[in-house]
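The figures here come from the full heavy-atom set of this structure, side chains too, leaving out hydrogens, waters and symmetry mates. One is the number of the first residue; the rest follow in order along the sequence. Everything numeric in this text was worked out from a predicted model, so none of it was measured.
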Amino acid sequence: QVQLVESGGGLVQAGDSLRLSCAASGRAFSTYAMGWFRQVLGKEREFVAQISQSGLNTRYADSVKGRFTTSRDNAENTVYLQMSSLKPEDTAVYYCAATPNYYSDAYDYTFQYNYWGQGTQVTVSS
């Protein structure tokens, strides 16, 4: 079992930056690739970013590429999502999730992930 807890969400203005954190406890954090997803009420949860177990490899949704950066600290059992140049359309609940398989072609599908956090709200005003 892996328990995930997100933090760092809030209300910001367009153009601002925000950093989300996801703290993990339980089984070996470093054996899991970590993903970030977001969801707007009434819509499907969508992929944002993923980072490999070592932290050396990352991938991003086109909508956030160049603005968001994910990183991890395996010694602290924490993964981060640094969000810059935020836009109103980035408003959503953000979730972190864990999967043992970074190299799956289904990396952007929710079913690929075994464990999820409770989510943190990010609201970007125009």
Trainee: Mind jotting down which residue pairs meet the disulfide (SG to SG under 2.5 Å) criterion with at least one end in residues 78-126? Sequence neighbours excluded, please.
Mentor: Cys22-Cys96
Trainee: Under the rule for side chain to side chain donor-acceptor pair (under 3.5 Å), what residues qualify as partners of Ser25, not counting sequence neighbours?
Mentor: Gln3
Trainee: Any heavy-atom pair between the side chains of Met83 and Trp36 that's under 4.5 Å?
Mentor: no
Trainee: Within the structure provided, determine whether Glu6 and Leu20 are in side-chain contact (heavy-atom separation under 4.5 Å).
Mentor: no
Trainee: Taking all atoms of both residues into account, what is the closest heavy-atom pair of Ser21 and Thr78, and its distance?
Mentor: CB-CG2, 4.3 Å
Trainee: So which heavy atom on Ala49 is nearest to which on Leu81, and how close?
Mentor: CB-CD1, 4.3 Å
Trainee: What distance separates Asn57 CG from Ser52 OG, expressed to the nearest 0.5 Å?
Mentor: 4.0 Å
Trainee: By side chain to side chain contact (heavy atoms under 4.5 Å, CB included), which residues pair with Ser85, not counting sequence neighbours?
Mentor: Arg67
Trainee: When you look at Asn74 and Phe29, which way does the side-chain contact (heavy atoms from CB on, under 4.5 Å) test go after all the steps?
Mentor: CA-CA 7 Å; Asn74 285 342; Phe29 174 70; 3.2 Å; yes
Trainee: Is any side-chain heavy atom of Gln53 closer than 4.5 Å to a side-chain heavy atom of Ser30?
Mentor: no
Trainee: Where do Val48 and Val64 come nearest, in terms of heavy atoms and distance?
Mentor: O-CG2, 3.5 Å
Trainee: Quick one: are Asn114 and Thr99 in side-chain contact, heavy atoms under 4.5 Å?
Mentor: yes
Trainee: Could you pull out the closest heavy-atom pair between Gly119 and Val93, with the gap in Å?
Mentor: CA-CG1, 3.8 Å
Trainee: Out of curiosity, Thr58 OG1 to Arg72 CZ, how far, rounded to the nearest 0.5 Å?
Mentor: 12.0 Å
Trainee: Testing the basics here: between Ser71 and Ile51, what is the closest heavy-atom pair and its distance to 0.1 Å?
Mentor: CA-CD1, 3.5 Å
Trainee: Are the charged groups of Lys65 and Asp62 less than 4.0 angstrom apart, N to O?
Mentor: yes
Trainee: Side chains of Leu18 and Asp16: does their closest heavy-atom pair fall under 4.5 Å?
Mentor: no
Trainee: I need the full list of ring-ring contact (aromatic ring centres under 6.0 Å, His included) pairs touching residues 44-102, with sequence neighbours left out, sorted by first then second residue.
Mentor: Phe37-Phe47, Phe47-Tyr107
Trainee: Does any pair with a residue in residues 34-65 pass disulfide (SG to SG under 2.5 Å), and if so which ones, sequence neighbours excluded?
Mentor: none
Trainee: Starting at CZ of Arg19, measure out to CD of Gln82 and round the result to the nearest 0.5 Å.
Mentor: 7.0 Å
Trainee: Ala98: what forms a side chain to side chain contact (heavy atoms under 4.5 Å, CB included) with it, not counting sequence neighbours?
Mentor: Leu4, Tyr32, Met34, Tyr115
Trainee: Could you tell me whether Asp108 and Arg59 have a side-chain N and a carboxylate O separated by less than 4.0 Å?
Mentor: no
Trainee: Do the side chains of Arg38 and Ser63 get nearer than 4.5 Å, heavy atoms only?
Mentor: yes
Trainee: Which heavy atom of Lys43 sits nearest a heavy atom of Gln39, and at what distance?
Mentor: O-NE2, 3.0 Å
Trainee: Are the side chain of Thr31 and the backbone of Ala28 linked by a donor-acceptor contact shorter than 3.5 Å?
Mentor: yes
